[in-house]
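Let me begin by presenting the structure, written as structure tokens, before commenting on it.
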Amino acid sequence: MNNICYSSCLTLSTHPRIVCQAMHTNNMERNCFVPAIAVHGGAWAIPQADTEASCQGVQRAVRAGYKVLEDGGTAVDAVEQAVRVLEDDPVFDAGTGSVLNYDGDVEMDAIIMEGKELKCGAVACVNNIKNPISLARKVMEQTDHTLLVGHGANKFANEMGIEKVPTSDLVTEDARKTWEEYRKFKKTVDVFFSSRTDAGHDTVGCVAVDRLGNVACATSTGGISAKKVGRVGDSPIIGSGAYCDNAYGAVSTTGHGENIMKVTLARTIISYMEHLGLSAKEAADKAIAFMSKRVGGVGGAIVVSSSGQLAKSFNSERMAWAFASNNSVRYGIDPGDDIDGGAV
Ligand code: ASP
């Protein structure tokens, strides 16, 4: 039934999304689309010792998100749930496991966006929040704003009753050791993405399309070890760390935030799909190649197209990722990986 509906959309117009939305509006047809979801656990030179935990972590998260979609949840519900699982996993640099800034504190950034009305919510430089992605969702749904930062974002978290935790709950032994080592370097960001390819900065993200054909994306991070206090990277910036539009698809990015922002990587990927008619994979590869050539940027992205194509691309040494669709999971971490993770 899903496939029949989607193909009937395709025959009705070269712009299947618009026809499907019209059908939904008329209440003629519902649940047209095959749900699909992808997650990432950061683009960088993930140490061998973290390989197993990273691969397990992304598979756990994609299963949690897929279950939400299978149970009839929205794409927004699914990306929030998958990112919460990643935030709670200490192997990733988001929520618990966040890296430390120059002063040894945790400052986290997160964004969530939906593709129907292009509503978006983001937070930056927040402390003591267990799941920043849920705070970002509150910004999207409970305020007239898109981005809240620092003190204001933390104050809003209190108003919303968002779960707070002591900083010590978010800091892992690994994060503290990395901070001690990287504080020795002055130009932290450059060091991370050039000479020190072993440096950790494993941001997390998720993209999904639900049964109604609505797409969503989410990205969450502790940023980069020993970053300047108050530094905000690409992750909570709409168009850089994430972007989506029901007409084309959804993107979440990871990597060297300063360079990702220079080329607004997430929006560029969607633009290539929109203006050049590229597939999700072609658009992601092209945008990352452009970032590399234009500004020397290192990073990666996951993409889901409106029709449920899943794609990933990265020019870092490794990126942990997992996909779920048609009740099966695939995952990988090294270039060329495409491992069967079995049934959801
Ligand atoms: N993009 C993140 C930042 O620059 C880091 C990462 O993706 O690993 O804050």
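Source: prediction; values computed, not measured. In listed order, ligands and their atoms are each counted from 1.
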N/O separation below 3.5 Å, I224 to ligand 1: no
Atom indices of ligand 1, in the order listed, that fall short of 4.0 Å to a heavy atom of [X]:
X: S235; answer: 1 (N), 2 (C)
X: D234; answer: 1 (N), 2 (C), 3 (C), 4 (O)
X: T203; answer: 2 (C), 5 (C), 6 (C), 7 (O), 8 (O)
X: T254; answer: 6 (C), 7 (O), 8 (O)

Partner residues of F323 under the ring-ring contact (aromatic ring centres under 6.0 Å, His included) criterion, sequence neighbours left out: W321
Donor-acceptor side-chain pairing of [X] and [Y] below 3.5 angstrom:
X: S279; Y: Q309; answer: no
X: T221; Y: S235; answer: no
X: D88; Y: N131; answer: yes

NZ (K164) with more than 12 external heavy atoms under 6.0 Å: yes
Min heavy-atom dist R231 to ligand 1 below 4.0 Å: yes
Residue-ligand contact G255/ligand 1, heavy atom below 4.0 Å: yes
Residue pairs fulfilling salt bridge (charged side-chain N to carboxylate O under 4.0 Å, His left out) with at least one residue in residues 51-70, sequence neighbours excluded: R60-D89, K67-D71, E70-R211
